[in-house]
Amino acid sequence: MDNKSYQDHFFNRAKIEGYRSRSAFKLIELDKKFKFLKNGKKILDIGSFPGGWCQVVKKTNKKGKVLGIDKKKIEKIDGVNFLVGDFLEEKSKKAIKEFFGTKIDIILSDMAPNTTGNKSLDTIRTNQLCLNLLDFSKEILSNKGVVISKLFMGDDFEEIKQTAKNQFKKIDFFKPDSSRDESRETYIHCSELST
Ligand SMILES: C[S@@+](CC[C@H](N)C(=O)[O-])C[C@H]1O[C@@H](n2cnc3c(N)ncnc32)[C@H](O)[C@@H]1O
């Protein structure tokens with residue numbers, strides 16, 4: 001499929017299935033592969049605008065507690081709470097911890113900074129977000145918890161891999177079919193904190 005047909009295919013599917021973003025299909029594929037979305041879970045979705053991932057999460061997690069955070073305001077989704085803020089700021093992390101009040105089961109991140117057009121810079125900035133959330137997961141994730149995060153293939157890939165390996169018992173990488181071939185984007189799945 002060429003790039004235009006690809007864009008149209010997922011755009012149309014998102015429209016038909018009522019998802020706010022094509023990204024929703026990436027989470028669906030990630031869950032098909034790693035099977036982490038279950039009912040009754042406490043889930044944090046970082047970089048959640050416009051809300052496609054939260055829609056997917058809420059379908060399988062009717063009883064659970066879901067919090068989305070983004071710099072941009074997100075239109076309401078039943079059963080999902082939202083915070084508007086920069087995840088990197090301490091006050092956002094404090095608000096997240098206060099919201100759950102306990103350790104949580106899953107951290108999802110599809111965070112991506114505004115692209116500059118400079119591929120190396122965009123990669124570094126995206127991967128810094130991933131490293132930051134891996135660090136935050138030490139404070140808030142339960143021992144059996146799961147992290148799914150976007151990252152870009154680049155020079156700092158090994159650093160992320162090593163950081164995740166030191167922190168978790170299992171790590172895997174997966175690029176969903178719904179992620180464009182030419183994009184450097186991939187996702188890391190981490191489970192079970194090393195004690
Ligand atoms: C690809 S979009 C997420 C799409 C979303 N997963 C969905 O399915 O609708 C990436 C988002 O990350 C957000 N973002 C980037 N850096 C952030 C930060 N430091 N704190 C909070 N959100 C951030 C952007 O505002 C943007 O909305």
Side-chain angles (χ1 to χ4, degrees), residues 6-7 9-34 36-37 43-61 66-97 99 106-119 121-137 139-140 146-153 156 160 174-180 182-189:
Y6 160 87
Q7 304 269 358
H9 170 72
F10 285 105
F11 178 79
N12 289 333
R13 261 190 76 186
K15 234 173 147 181
I16 292 163
E17 296 181 34
Y19 290 118
R20 293 177 183 182
S21 64
R22 285 172 289 150
S23 294
F25 298 110
K26 296 178 194 168
L27 186 62
I28 291 170
E29 281 188 64
L30 282 156
D31 186 48
K32 210 167 169 189
K33 170 112 183 122
F34 299 113
F36 48 89
L37 291 178
I43 303 180
L44 171 65
D45 178 24
I46 315 174
S48 45
F49 177 90
W53 281 28
C54 286
Q55 289 178 297
V56 173
V57 164
K58 207 52 216 174
K59 276 194 177 174
T60 49
N61 194 37
V66 183
L67 179 68
I69 173 165
D70 202 289
K71 288 177 178 176
K72 299 181 201 157
K73 191 173 184 299
I74 301 167
E75 217 175 284
K76 195 176 179 314
I77 296 174
D78 276 346
V80 180
N81 293 273
F82 289 111
L83 275 178
V84 181
D86 184 340
F87 169 70
L88 298 176
E89 288 181 4
E90 270 319 305
K91 65 175 181 201
S92 301
K93 291 179 176 161
K94 190 166 171 261
I96 291 168
K97 285 195 240 171
F99 173 83
I106 302 174
I107 302 177
L108 305 173
S109 170
D110 197 20
M111 256 189 302
N114 290 334
T115 46
T116 60
N118 176 329
K119 279 191 179 170
L121 183 61
D122 292 342
T123 301
I124 291 168
R125 288 172 69 206
T126 303
N127 292 347
Q128 282 304 318
L129 294 171
C130 177
L131 285 168
N132 194 292
L133 91 84
L134 285 175
D135 199 40
F136 181 59
S137 69
E139 297 176 42
I140 195 172
V146 168
V147 169
I148 295 276
S149 173
K150 187 207 289 287
L151 60 109
F152 280 178
M153 298 301 293
D156 46 8
I160 295 185
F174 178 64
K175 182 173 177 70
D177 286 342
S178 45
S179 172
R180 282 173 294 137
E182 68 272 23
S183 156
R184 294 179 173 203
E185 167 187 90
T186 189
Y187 289 82
I188 186 168
H189 168 264

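Whatever order the structure lists them in is the order used to number ligands and atoms, beginning at 1. Each residue takes its place number in the sequence, starting with 1.
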**Request:** Report yes or no: is the cationic atom of Lys93 (NZ for Lys, CZ for Arg) closer than 6.0 Å to the six-membered ring centre of Phe87, at no more than 45° off its axis?
**Result:**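 Relative to the ring axis of Phe87, which defines the angle, Lys93 lies inside both limits.
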**Message:** Would Lys26 and Glu185 count as a salt bridge (Lys or Arg N to Asp or Glu O under 4.0 Å) here? Give the steps.
**Reply:** CA-CA 11 Å; Lys26 296 178 194 168; Glu185 167 187 90; 3.1 Å; yes
**Message:** Between ligand 1 and Lys71, can you find any atom pair, the residue atom being a heavy atom, that is separated by under 4.0 Å?
**Reply:**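 Yes, that is the case, since the closest heavy atom of the residue is under 4.0 Å from the ligand.
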**Item:** Minimum heavy-atom distance between Leu37 and Asp31, given as atom pair plus value
**Value:**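 Closest approach of Leu37 to Asp31: N-OD1, 2.9 Å.
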**Item:** Considering all heavy atoms, the nearest Lys72-Val84 contact
**Value:**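 In this case the closest contact between Lys72 and Val84 is C-CG1, 4.3 Å.
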Please state which protein non-hydrogen atom is closest to [atom] and give its distance, to 0.1 Å?
atom                    : answer
atom 3 (C) of ligand 1  : Gly47 O, 3.1 Å
atom 14 (N) of ligand 1 : Met111 CG, 3.8 Å
atom 15 (C) of ligand 1 : Ala112 O, 3.1 Å
atom 5 (C) of ligand 1  : Phe49 O, 3.5 Å

Any atoms of ligand 1 less than 4.0 Å from a non-hydrogen atom of [X]? List them with their elements.
X     : result
Gly85 : 20 (N), 21 (C)
Asp86 : 18 (C), 19 (N), 20 (N)
Gly51 : 9 (O)
Phe87 : 18 (C), 19 (N), 20 (N), 21 (C)

Heavy atoms only: which of [options] lies closest to [atom]?
atom                    : options               : value
atom 9 (O) of ligand 1  : Ser109, Gly52, Pro113 : Gly52
atom 7 (C) of ligand 1  : Ser21, Cys54, Ala14   : Ser21
atom 10 (C) of ligand 1 : Asp110, Val84, Leu27  : Asp110
atom 26 (C) of ligand 1 : Asp70, Leu133, Leu88  : Asp70

**Prompt:** Does any N or O in the side chain of Gln55 come within less than 3.5 Å of the main-chain N or O of Ala24, such that one atom is a donor and the other an acceptor?
**Reply:**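 No.
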**Message:** So for ligand 1, is Pro50 a polar contact partner (N or O within less than 3.5 Å, distance only)?
**Reply:**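 Checking ligand 1 against Pro50, an N or O pair does fall under 3.5 Å apart.
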**Item:** Polar atom proximity, Ile46 to ligand 1 (N or O, under 3.5 Å)
**Value:**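 Among all N and O atoms of Ile46, none is under 3.5 Å from an N or O of ligand 1.
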**Message:** What's the separation between atom CZ in Phe82 and atom CD in Glu75, rounded to the nearest 0.5 Å?
**Reply:**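 That separation rounds to 9.5 Å.
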**Asked** Roughly how far apart are Phe25 CZ and Lys32 NZ, rounded to 0.5 Å?
**Response**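 One finds 12.0 Å between CZ of Phe25 and NZ of Lys32.
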**Request:** For ligand 1, indicate whether the residue Ser92 contacts it via side chain, backbone, both or neither (heavy-atom separation under 4.0 Å).
**Result:**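 Ser92 to ligand 1: no contact under 4.0 Å from either part.
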